[in-house]
Amino acid sequence: MMYFWQHSKRYNDYSSYNKKIFSSRIQKISINAGFSCPNRDGTKSTGGCIYCQNKTFNPFYCEPQKSITTQIEEGIQFFAKKYHTQKYLAYFQSYTNTYADISVLKKMFLEALSHQAVIGIVVATRPDCVDVEKIEFLQELAEKYYVSVEYGTESTKNETLTLINRCHTFEETEKAVQMTALRNIKIGLHLILGLPKESKSDMIEHAKKISRLPVDTLKLHQLQIIKNTVMEKYFLQQSFDFQLFNADEYIDLVIDFLENLNPQIIVERFISESPMEMILAPRWNGLKNFEFVHKLEKRLEERNSWQGKNFFS
Ligand code: SF4
């Protein structure tokens, strides 16, 4: 069966989207440009989000002491051994990558785009760290390159955002997304499923709320308790009723979520793959992303389900 996204996968998947818009295989190269975060430097808070541990997603070649060009070169060397990738996206991933003066952002982004193998940038940031000047600069870049902004949203419930110390609201996410839309910039969102005090219906509500926004891509993450975070302390003290899912429960939750998600939204990820030594719980025996996707696809078939099944009802 052909679905809304013109292929037979039961969800609007990122690799099919990539194949459609790029002629060759594309690989993201993570960059740590040495930005800080207003939620850590005291501007909004000093403790950061209670689950935050940037080391969970920082590859070895990402060190802010190295220039952006060096990080790109080392990333290319690393991936060239694994894939015959021709083109790369520079992924400004660590901390808040629009949290600097526009002159600094220009220098960083233009350095990345000056590398001959780089065809675009992906900029991860907080919704309260963009303004018209920064977005207009990204719009200029988007005339020539692929440009995507990923907004850390995490939840659409303000009570949860307060509980996890995000120090921004969902309304700020909506405002940032609307400011970015219609400027030829791709928009991605991150959400965490399983945050404390959220029920299954709250999580389904996240799908419905983001479905109303002009969002291109979505990354979902299961809640993980990472060692040496504030959340680890709350978990060990049993401060909240944490409901951590096993992999099968999470798969069914993701399917319920997908059924309510706008079929136009491309789903880029379903899980985090933090290094096992950093995870306190749930550990899922080191289940890899491709294994998870395989199980999810099987379960979608068993349930005769697909993304957006309930979206139009
Ligand atoms: S906004 Fe991002 S970098 Fe800053 S504390 Fe939260 S998770 Fe960490």
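What you see below is based on every heavy atom in this structure, not just the backbone, and it leaves out hydrogens, waters and symmetry mates. Counting starts at 1 for both ligands and their atoms, following the listed order. The first residue of the sequence shown is numbered 1, and numbering continues consecutively from there.
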Side-chain donor/acceptor of Lys134 to backbone N/O of Thr98, under 3.5 Å | yes
Proximity of Tyr95 and Phe35 rings by center, below 6.0 Å | no
Less than 6.0 Å separating the ring centroids of Tyr11 and Phe270?
-> yes
Which atoms of ligand 1 have any heavy atom of [X] under 4.0 Å away?
{"X": "Tyr95", "result": "3 (S)"}
{"X": "Gly48", "result": "5 (S)"}
{"X": "Arg166", "result": "1 (S), 6 (Fe), 7 (S)"}
{"X": "Arg126", "result": "1 (S)"}

What heavy-atom pair brings Met276 and Asn285 nearest, and what distance separates the two atoms?
-> CE-C, 4.2 Å
Could you tell me how the ring of Phe242 sits relative to the ring of Phe235: parallel (under 30°), tilted (30 to 60°) or perpendicular (over 60°)?
-> perpendicular
Any non-hydrogen atom of Gln53 lying under 4.0 Å from ligand 1?
-> no
Would you tell me whether Asp216 and Tyr17 have side-chain atoms, one donor and one acceptor, within less than 3.5 Å of each other?
-> no
Cys37 near atom 8 (Fe) of ligand 1: N/O/S under 2.8 Å | no
Record the part of Cys49 in heavy-atom contact with ligand 1 below 4.0 Å; permitted values are side chain, backbone, both and neither.
-> both
